[in-house]
Amino acid sequence: KITVVGSMSTDFVVTTKVKPNQGETVFGEKFSTAFGGKGANQAVAASRLGVDVAMVGAVGKDDFGTEIVANLVKNGVDVTCVERVTHTESGSAHIVLYENDNSIIVIPGANNEVKPAAMTKFQSQLLASDLVILQNEIPQETNEAIIDFCWQNGIKTLLNPAPARSIAKEYIEKLTYLTPNEHESAIIFPDQSRSEVLAQYPNKLIITLGAMGAIYHDGTKEEIIPAFEVQPVDTTGAGDTFNAAMATALLQGLKMSEALRFANLAAAISVQGFGAQGGMPTLEKMKEQKQY
Ligand code: ADP
């Protein structure tokens, strides 16, 4: 069983050909909403791949929160440990897509209310997990408390450190897996070369390389697991699908190299669909691929 402790949000996306100047109002072309938040995305991706997944986190008592929870339920995610907080709104991201450019404002809202003090309420959920997955969209001190707790209790942990935020070495040591992309890796390890850090954390540190795939050190040598060649339509959520698929495969006993190949395949399918969750494959869809 996987437990994801992390963010849930709604993306509000508008497209416009004209960028408004300060104080100006313009007409844009399109508006849409999508479910997001790295935590929720990873929970949905893992559930579609057939594992038991529980989500831990918080949404507001607003309609957006109701919709977010309903979407998780629809995707088979256990929401028993999703709290509805009264004093703040559900997390949201406000995305403006210009012709060759975009801008995003994130309002963490309830995601910032996932505090270490709340942990007593979901400790039994953590204890019942084979793997706990974390990202960087809830407060750092909560991630640290969970990493400590899981380490003390022999529960495996995976931190997908997105968006980039530095993390003390003590916590890297306690993690089972750390999965930055190249940019996040450079922020976490500013003074070391990529090869140095990979060798320092064999089979723990997996760096994703976008269309190049992923790289890790197997204890003897560095190994790149190449991505699948596809025509991407929307790479939002590629990393989320990758992390969930890697976790699923490792729990099923696959070797790291095999798990990363599985993760590359799931992510390659996901980038061919729109929205973070739109393209996320089910296990059936994975099995239809000739590369499976
Ligand atoms: P993030 O989305 O977190 O920035 P990456 O860009 O490294 O992370 O992508 C994560 C994974 O998604 C890659 O390791 C790869 O498996 C897959 N992926 C991303 N972009 C592509 C692409 N253009 N073609 C095929 N696979 C891709």
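Because the structure is a prediction, the values reported are computed rather than measured. When a ligand or atom number is given, it counts from 1 through the structure's own listing order.
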Enquirer: Starting from atom 6 (O) of ligand 1, locate the nearest protein heavy atom and write down its residue, its atom name and how far away it is, to 0.1 Å.
Expert: G210 CA, 3.4 Å

Enquirer: Are more than 12 heavy atoms, taken from residues, nucleotides or ligands other than F31, located less than 6.0 Å from that residue's CZ atom?
Expert: yes

Enquirer: Quick one: does G213 get within less than 4.0 Å of ligand 1, heavy atoms only?
Expert: yes

Enquirer: Can you confirm whether more than 12 heavy atoms, excluding those of K156, are under 6.0 Å from its NZ atom?
Expert: no

Enquirer: Checking the side chain of E137 only, and the main-chain atoms of K38 only, is there a donor and an acceptor separated by less than 3.5 Å?
Expert: yes

Enquirer: Is there any N or O on T208 that sits under 3.5 Å from an N or O of ligand 1?
Expert: yes

Enquirer: With atoms numbered from 1 as shown, which atoms in ligand 1 lie under 4.0 angstrom from a non-hydrogen atom of P232?
Expert: 23 (N)

Enquirer: At a 4.0 Å threshold, what atoms of ligand 1 neighbour a non-hydrogen atom of A211?
Expert: 20 (N), 21 (C), 22 (C), 23 (N)

Enquirer: Report the nearest protein non-hydrogen atom to atom 3 (O) of ligand 1: residue, atom name, distance rounded to 0.1 Å.
Expert: G239 CA, 3.6 Å

Enquirer: Which residue is it: C81, S129, C150? I am looking for the one with a side chain to side chain contact (heavy atoms under 4.5 Å, CB included) to T3.
Expert: S129

Enquirer: Distance to 0.1 Å, residue and atom name: give those for the protein heavy atom nearest to atom 12 (O) of ligand 1.
Expert: A267 CB, 3.4 Å

Enquirer: Salt-bridged, K115 to E113, with N to O below 4.0 Å?
Expert: yes

Enquirer: Pull out every atom of ligand 1 sitting under 4.0 Å from any heavy atom of L209, numbered as shown with elements.
Expert: 7 (O)

Enquirer: Which residue and atom name correspond to the protein heavy atom nearest atom 26 (N) of ligand 1, and how close is it?
Expert: A227 CB, 3.9 Å

Enquirer: For atom 24 (N) of ligand 1, what's the nearest protein heavy-atom neighbour? Residue, atom name and distance, please.
Expert: V230 CG2, 3.7 Å

Enquirer: Is the side chain of T241 donor-acceptor paired with the backbone N or O of S270 at a distance under 3.5 Å, no angle test?
Expert: no

Enquirer: What do the steps show when you test L158 against T179 for side chain to side chain contact (heavy atoms under 4.5 Å, CB included), and what is the final call?
Expert: CA-CA 8 Å; L158 184 162; T179 58; 3.8 Å; yes

Enquirer: With rounding to the nearest 0.5 angstrom, report the CD to OH distance, E173 to Y201.
Expert: 4.5 Å

Enquirer: Side chain, backbone, both or neither: which applies to N181 and ligand 1 if a contact is any heavy-atom pair less than 4.0 Å apart?
Expert: side chain

Enquirer: Looking only at protein heavy atoms, which one is nearest to atom 25 (C) of ligand 1, and what is the separation?
Expert: F228 O, 3.3 Å

Enquirer: Check for me whether K204 meets the cation-pi criterion with Y177, that is, NZ or CZ under 6.0 Å from the six-membered ring centre and within 45 degrees of the ring axis.
Expert: no

Enquirer: Do me a favour and list the nearest non-hydrogen protein atom to atom 16 (O) of ligand 1 with residue, atom name and distance?
Expert: N264 OD1, 2.6 Å

